[in-house]
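First the proteins, then the strands, lettered A, B, ... as listed; each starts at 1.
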There are 2 protein chains.
Amino acid sequence: MAQDQQGRDTYHHGNLPEALVREGARLLAEAGAEGFSLRKLAERTGVTVAAPSHHFGSAKGLLTAIATRGFEKLDHQMDVAASSANSPSDAVIAMCIAYLRMRTTHPGYADVMFQLNLLDARDERFRASAFRAFGKLETALAAALPTSLAADQIALKAKAIWAATHGLSVLPMIDGPESERIIEAVVAAQLGGSP
Amino acid sequence: MAQDQQGRDTYHHGNLPEALVREGARLLAEAGAEGFSLRKLAERTGVTVAAPSHHFGSAKGLLTAIATRGFEKLDHQMDVAASSANSPSDAVIAMCIAYLRMRTTHPGYADVMFQLNLLDARDERFRASAFRAFGKLETALAAALPTSLAADQIALKAKAIWAATHGLSVLPMIDGPESERIIEAVVAAQLGGSP
DNA sequence: CCACCTATCTAAACAGCGTTCAGTTACCCT
DNA sequence: AGGGTAACTGAACGCTGTTTAGATAGGTGG
């Protein structure tokens, strides 16, 4: 349908929530989280300012929905990355690199995914999609570790890698290529280190 | 002086920039970054809304100043933590734990330190104070590593540890005590891992 | 086929926000 | 003692997200 993206012939939009998420991510990509506003988005989408709040409650709710979608996209990118890896440990690294590259592959979504203060991190659907992506890394990590290792030890290592990856995505002092080299070293250290 | 904290007898405040930073951190600690506003802060401090902008340019400038102060406090906490460590590697871990504990030791400052989008990360003084703290960790790490190791290898490991620490501070899925256990494992892995 | 009924969206108003600017006040230096 | 400068005031501006009552469309049961 043409009215999915913007504009409409009818009074009802057709699929406003979807259009708001998509166009919202586009606005975020263009203007950054700074330049984002509900009013700009409403105008772009061809509805009134009040329309979004009916579906998402608040601006935070909408941004949370965008971030949720972002984690679904990350989840998919992680699948793609892992499928072309040669070994279990390479799969783990490839997944982390997919995380790091979200900024360039999905700019609008990444803007809000990595700024937890902009959204409601306790939202049920958001947490579910974020945990699904994390769980995927954890599973891949388990496959790269000796089967004798206890589950909670694996979980600890997964969190260490996830935290490092997130830190590298967020901190401005480290550029892209260097981040990827660092995460390779971190993963290698976690795989080879003592129990 | 009594007018340092709030109120004043004279037309001029006396030391408004300092008062704004201190009271700003207090407001952040009470209301969070959400509830923070320049107007509330101005009222608390006993000046007009326009007064802060004369010293800090913008709200972002003020928050940047608060974050800068925060990194100075972190720097000090890292000194304290390292001084009571028994070994070079313990010193590194203690410094990271000091980082993780900023949320509880200096709530207001931490609020803005870890939300880089609220401030101007390119600010000269801010970068200097952040890099000073990071450099301190890097130096401590070098002392815990074999002297044969190349400087850029040390830098890489320092960034890995710093990123992991930051990630643990920011991500909501990991609680305090667990974060500390994880960072111990990360440091140990970086110290013991391959060159 | 029509009448309802409910979800959807509009239009307008509101309070709060950061920023700007001309003007007033106090301090410092000569 | 006087003049210049830095500090702060007071008021206005434009923009923000949220709220409310009302208009409209679409699906559903008679």
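- Pro107(B) is not listed as a side-chain neighbour of Leu28(B), based on a closest heavy-atom distance of 4.5 Å or more.
- The stretch residues 92-110 of chain A participates, sequence neighbours left out, in these side-chain hydrogen bond (donor to acceptor under 3.5 Å, both in side chains) pairs: Tyr99(A)-His166(A), Arg101(A)-Glu180(A).
- Contacts between residues 31-41 of chain A and DNA chain D, defined by a heavy-atom separation below 4.0 Å, involve Ser37(A), Leu38(A), Arg39(A), Lys40(A), listed by number.
- Not one side-chain nitrogen or oxygen of His54(A) sits closer than 4.0 Å to the OP1 or OP2 atom of dT10(C).
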Exercise for review: Tell me, with the steps shown, if Glu30(A) and Arg44(A) meet salt bridge (Lys or Arg N to Asp or Glu O under 4.0 Å).
Suggested key: CA-CA 13 Å; Glu30(A) 291 175 20; Arg44(A) 269 170 172 255; 2.3 Å; yes
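- Residue pairs that meet the salt bridge (charged side-chain N to carboxylate O under 4.0 Å, His left out) test with at least one member in residues 159-176 of chain B, sequence neighbours left out, are Glu178(A)-Lys159(B).
- Between the two ends of the helix from dC1(C)-dG30(D) to dT30(C)-dA1(D), each summarised by a five-pair axis, the helix axis turns through 10° (rounded to 10 degrees).
- The stretch residues 112-122 of chain B has no heavy atom under 4.0 Å from DNA chain C, so no residue of it qualifies as close.
- Ring centroid separation for the pair Phe71(B) and Phe126(B) comes in under the 6.0 Å cut-off.
- Between the side chain of Ser87(A) and the backbone N or O of Asp90(A) there is at least one donor-acceptor pair closer than 3.5 Å.
- Residue Ser53(B) places its side chain closer to dT20(C) than to any other of dC9(C), dT20(C), dC8(D).
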Exercise for review: Take Glu18(B) and Arg22(B), measure what salt bridge (Lys or Arg N to Asp or Glu O under 4.0 Å) needs, and give me the verdict at the end.
Suggested key: CA-CA 6 Å; Glu18(B) 177 63 25; Arg22(B) 247 209 285 265; 3.5 Å; yes
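- A straight line from CG of Leu16(A) to P of dA25(D) spans 16 Å, rounded to a whole angstrom.
- Along DNA chain D, the nucleotide nearest to Ala50(B) and the one nearest to Lys60(A) differ in position, and the one closer to the 5' end is contacted by Ala50(B).
- Here dA7(D) is the nucleotide among dA11(C), dT9(D), dA7(D) with the atom lying nearest to any side-chain atom of His55(B).
- Put simply, CG on Leu27(B) is 10 Å from P on dC17(C), counting in whole angstrom units.
- At whole-Å resolution of the value, CD in Glu43(A) and P in dC9(C) are 18 Å apart.
- Atom CG in Asn15(B) sits roughly 14 Å away from atom P in dC27(C) (whole-Å rounding).
- Between Leu62(B) atom CG and dT19(C) atom P the separation is 10 Å, expressed in whole Å.
- For the atom pair CD (Gln190(A)) and CD1 (Ile182(B)), the distance works out to 9.5 Å, reported to the nearest 0.5 Å.
- Taking the side chain of Val47(A) as heavy atoms from C-beta on, and the options dT19(C), dT9(D), dT10(C), the nearest nucleotide is dT10(C).
- The shortest distance between side-chain heavy atoms of Val21(B) and Phe56(B) falls below 4.5 Å.
- Atom CD1 in Ile93(A) sits 11.5 Å away from atom CG in Leu100(A) (nearest 0.5 Å).
- Sorted by first and then second residue, the side-chain hydrogen bond (donor to acceptor under 3.5 Å, both in side chains) pairs involving residues 32-42 of chain A (not counting sequence neighbours) are Glu34(A)-Lys60(B).
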